[in-house]
Amino acid sequence: MRQLLGKKRGMTRLFKESGNCEAVTVIELGPCSVVQVKSSERDGYDALQLGFGDIRPKLVNRALKGHFKSSEPRRYLREIRLNGPAQHSVGDVLTVDIFKPGERIDVVGTSKGLGFQGGVRRHGFAGGPKTHGQSDRLRAPGSIGAGSSPSRTFRGHRMAGRMGNERVTVRNLTVVDVLPEENLIFVRGAVPGKRNAFVVVRETGTR
């Protein structure tokens with residue numbers, strides 16, 4: 001199962017030979033070092049622990065120094081579940097060239113945090129009329145429950161609240177181009193998160 005860690009660099013557009021352009025997201029993907037290898041015999045399941053991103057030495061405590069004794073310290077650590085024994089060992093480096101143009105991938109990231117928002121922006125409510133005596137109800141959510149029955153607001157009712165800052169997976173995106181020498185991958189469309197946000201890129205059809 002192919003999966004790498006990276007960060008979102010931003011959006012741009014690429015021009016095809018036909019002259020048409022398409023919006024793409026640029027992701028800095030890897031290089032990712034193998035920090036730990038887990039096996040079903042020892043740990044109960046097969047997995048690889050990948051590390052990505054540089055980290056200042058002063059931020060690495062003694063426990064992490066022992067964990068990174070066979071590899072370089074990394075800022076981000078994530079596990080990749082495998083369907084069989086690992087084909088890599090600690091210290092190996094995985095790069096962006098494991099993905100090819102035309103392939104389909106999934107991108108996992110954290111959406112932008114927008115703070116506390118009203119029902120109109122958070123859920124797309126239409127709001128109330130501005131005329132007929134309701135000039136102050138333009139962006140109100142409306143009734144949230146009858147007074148006599150049920151005399152309460154149901155759990156999960158769509159109301160104002162905190163918006164964004166959630167784990168989001170965008171599936172079945174197309175790889176437009178790959179630049180192995182710069183560790184960059186160009187993906188058609190948008191991916192979650194703001195610029196320089198941490199993302200996980202994996203082949204489509206995996207969990």
Side-chain angles (χ1 to χ4, degrees), residues 3-16 20-30 32 50 52-53 55 59 75-80 96 99 103-178 183-207:
Q3 183 171 332
L4 282 181
L5 316 179
K7 65 178 180 179
K8 177 180 177 179
R9 293 281 295 270
M11 293 196 69
T12 183
R13 54 183 178 175
L14 293 181
F15 287 88
K16 299 181 179 180
N20 296 329
C21 68
E22 55 185 355
V24 296
T25 301
V26 184
I27 301 176
E28 180 182 342
L29 203 57
C32 298
L50 298 183
F52 168 75
I55 185 173
L59 299 180
R75 181 179 181 87
Y76 300 101
L77 291 176
R78 293 294 186 276
E79 269 193 10
I80 300 176
V96 69
F99 295 105
E103 293 182 337
R104 297 295 182 124
I105 60 173
D106 298 338
V107 180
V108 184
T110 302
S111 61
K112 294 181 180 179
L114 302 178
F116 191 93
Q117 299 295 332
V120 172
R121 182 176 185 186
R122 191 182 186 201
H123 302 292
F125 289 168
K130 194 173 183 179
T131 57
H132 298 281
Q134 294 197 89
S135 60
D136 62 337
R137 311 300 296 165
L138 182 62
R139 300 182 69 86
S143 174
I144 61 174
S148 57
S149 175
S151 298
R152 63 188 177 89
T153 301
F154 288 113
R155 181 187 298 272
H157 191 86
R158 294 183 298 170
M159 300 175 66
R162 181 172 294 181
M163 182 179 178
N165 195 29
E166 297 176 339
R167 177 186 170 97
V168 178
T169 301
V170 181
R171 303 183 186 276
N172 209 27
L173 297 176
T174 302
V175 177
V176 178
D177 197 7
V178 178
N183 298 316
L184 297 180
I185 185 173
F186 296 84
V187 181
R188 180 180 298 154
V191 302
K194 58 183 181 180
R195 188 174 300 168
N196 293 323
F198 174 75
V199 295
V200 178
V201 176
R202 65 194 185 195
E203 59 180 333
T204 296
T206 59
R207 296 290 181 176

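Values below: every heavy atom of this structure, side chains too, minus hydrogens, waters and symmetry copies.
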Please check: side-chain N/O of R122 versus main-chain N/O of R162, any donor-acceptor pairing under 3.5 Å? yes

Donor-acceptor check, side chain of S151 to backbone of G147, threshold 3.5 angstrom: yes or no? yes

To the nearest 0.5 Å, what is the distance between OG1 (T204) and CG (N172)? 5.0 Å

Do other residues, nucleotides or ligands put more than 12 heavy atoms under 6.0 Å from the CZ atom of R78? yes

Kindly check if the number of other-residue, nucleotide or ligand heavy atoms within 6.0 Å of NE2 (H132) is above 12? no

Can you measure from CZ (R195) to NZ (K8) and round to the nearest 0.5 angstrom? 8.5 Å

With distance as the sole test, does S111 use its side chain to make a donor-acceptor pair with the main-chain N or O of E166 at under 3.5 Å? yes

Drop me the distance from D177's CG to I185's CD1, to the nearest 0.5 angstrom. 9.0 Å

What do you reckon, is CZ of R139 surrounded by more than 12 foreign heavy atoms closer than 6.0 Å? no

Residues two or more places apart in sequence or in another chain: which of them pass ring pair (Phe, Tyr, Trp, His ring centres under 6.0 Å) with F186? none

Applying ring pair (Phe, Tyr, Trp, His ring centres under 6.0 Å), name anything that partners F125, two or more places apart in sequence or on another chain. H123

Spacing of T153 atom OG1 and M159 atom CE [to the nearest 0.5 Å]: 6.0 Å

Side chain R202, main chain D106, donor-acceptor under 3.5 Å: no

Min side-chain heavy-atom separation E22-R188 under 4.5 Å: yes

For T110, side-chain contact (heavy atoms from CB on, under 4.5 Å) partners two or more places apart: N165

Can you label the angle between the F52 ring and the Y76 ring as parallel, tilted or perpendicular, going by 30° and 60°? parallel

Could you tell me whether the side chain of V108 reaches within less than 4.5 Å of the side chain of Q3, counting heavy atoms only? no

